Amino acid sequence: MNEYTGDYIGRKQKVGIVVAKFNDLVTKRLLAGACQTLNQAGIATENIEIFWVPGAFEIPRVVKLLSESQRVTGIIALGAVVRGETAHFDYVCSAAANGIAEVSLNGPVPVMFGVLTTDTMEQALNRAGGKAGNKGSECALGLLEMISLQQKINFK
Ligand SMILES: Nc1c(NC[C@H](O)[C@H](O)[C@H](O)CO)[nH]c(=O)[nH]c1=O
Ligand SMILES: CC(=O)[C@@H](O)COP(=O)(O)O
C-alpha cells in the first residue's frame, strides 16, 4: 500500500467520514481501510468522526452539513452502490456523485469520493480490501494530499 509522503498536516486535524449502511458488508471494509490509513499517517482515532447514513443517496446532505459545521478539515464519503434490475442504480449513483462533487467544489473543505458503483457485489468486495485494493484507503491518502495542498494555498 502506498504510504502518505506528503507534507505533515498536523496530528490535531479532524477528519469526517460519512458512510452508507446499505451494503455494509462492503462499506465497513471501506471504512476500515480509510481509518487504518489515516491512523498510519498520524491522524488519531479520536480525531476521526464517523457518520452513518442509510444509503449513498443520503451521503451528500450529511457531507454538506459536516462541511459547513467547521468541525473537520476534510471529509471522506464512502458507499457501495451495486446494480440491480432497474434504473435505480443510475439515479442513486448520479445523485451521490453530483451531490458530493458540489460540496467538495463549493464548500470550505475537500471531500473525497469513495462511493463504489459496481455491477456485482464481487466487484465491490474486490475494491474494499480485495485484489483491486481498498477505495477507502485510497481516499484517505488523497484527502491528506488535498488538505496539505489547501493549507499551502491558504498560507498567508
Ligand atoms: N441500492 C442501493 C442503495 N439504495 C438506497 C438509496 O441510497 C437510498 O437510501 C434510498 O433510495 C432512500 O432514499 N443505496 C446504496 O448505498 N447502495 C445500493 O446498492
Ligand atoms: C442500486 C439500487 O438501488 C439497487 O440495489 C436497487 O435494486 P433494483 O434495481 O433491483 O430495485
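Each ligand, and each atom within it, is numbered from 1 in the order the structure gives. It should be emphasised that the depicted structure is a prediction, and the values quoted were computed from it without experimental measurement.
- The closest protein non-hydrogen atom to atom 7 (O) of ligand 2 is Gly84 CA, 3.7 Å.
- A salt bridge between Glu58 and Arg61 is absent, with no side-chain N of the basic residue lying under 4.0 Å from a carboxylate O of the acidic one.
- Closest protein heavy atom to atom 6 (C) of ligand 1: Phe57 CB, 3.9 Å.
- For atom 4 (C) of ligand 2, the nearest protein heavy atom (residue, atom name, distance) is Val82 O, 3.8 Å.
- For atom 13 (O) of ligand 1, the closest non-hydrogen atom on the protein side is Glu58 OE2, 2.5 Å.
- Closest to atom 2 (C) of ligand 1 among all protein heavy atoms lies Phe22 CE2, 3.3 Å.
- The closest side-chain heavy-atom distance from Ile17 to Cys35 is below 4.5 Å.
- Scanning the protein for heavy atoms near atom 10 (O) of ligand 2, the closest one is Glu85 N, 2.8 Å.
- In this structure, Arg71 and Lys14 have side chains that are not in contact, with every pair of non-hydrogen atoms separated by 4.5 Å or more.
- Counting atoms of ligand 1 from 1 in the listed order, those under 4.0 Å from a heavy atom of Asn23 are 17 (N), 18 (C), 19 (O).
- Close contacts of ligand 2 with Phe89, meaning ligand atoms under 4.0 Å from a residue heavy atom, involve 1 (C).
- Considering both main-chain and side-chain atoms, Arg83 never comes within under 3.5 Å of ligand 2 through any nitrogen or oxygen pair.
- Look at Lys21 and you'll find every heavy atom at least 4.0 Å from all atoms of ligand 1.
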For this session: Tell me, with the steps shown, if Leu78 and Thr27 meet side chain to side chain contact (heavy atoms under 4.5 Å, CB included).
Result: CA-CA 7 Å; Leu78 300 175; Thr27 62; 5.5 Å; no
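- Among Ala56, Gly55, Ala80, the residue whose heavy atom lies closest to atom 17 (N) of ligand 1 is Ala80.
- Of all the heavy atoms of Thr86, the ones lying under 4.0 Å from any atom of ligand 2 are found in both the backbone and the side chain.
- With ligand atoms numbered from 1 in the order given, ligand 2 contributes 1 (C) to contacts under 4.0 Å with heavy atoms of Val81.
- Looking from atom 3 (O) of ligand 2 to the surrounding protein, the closest heavy atom is His88 ND1, 2.4 Å.
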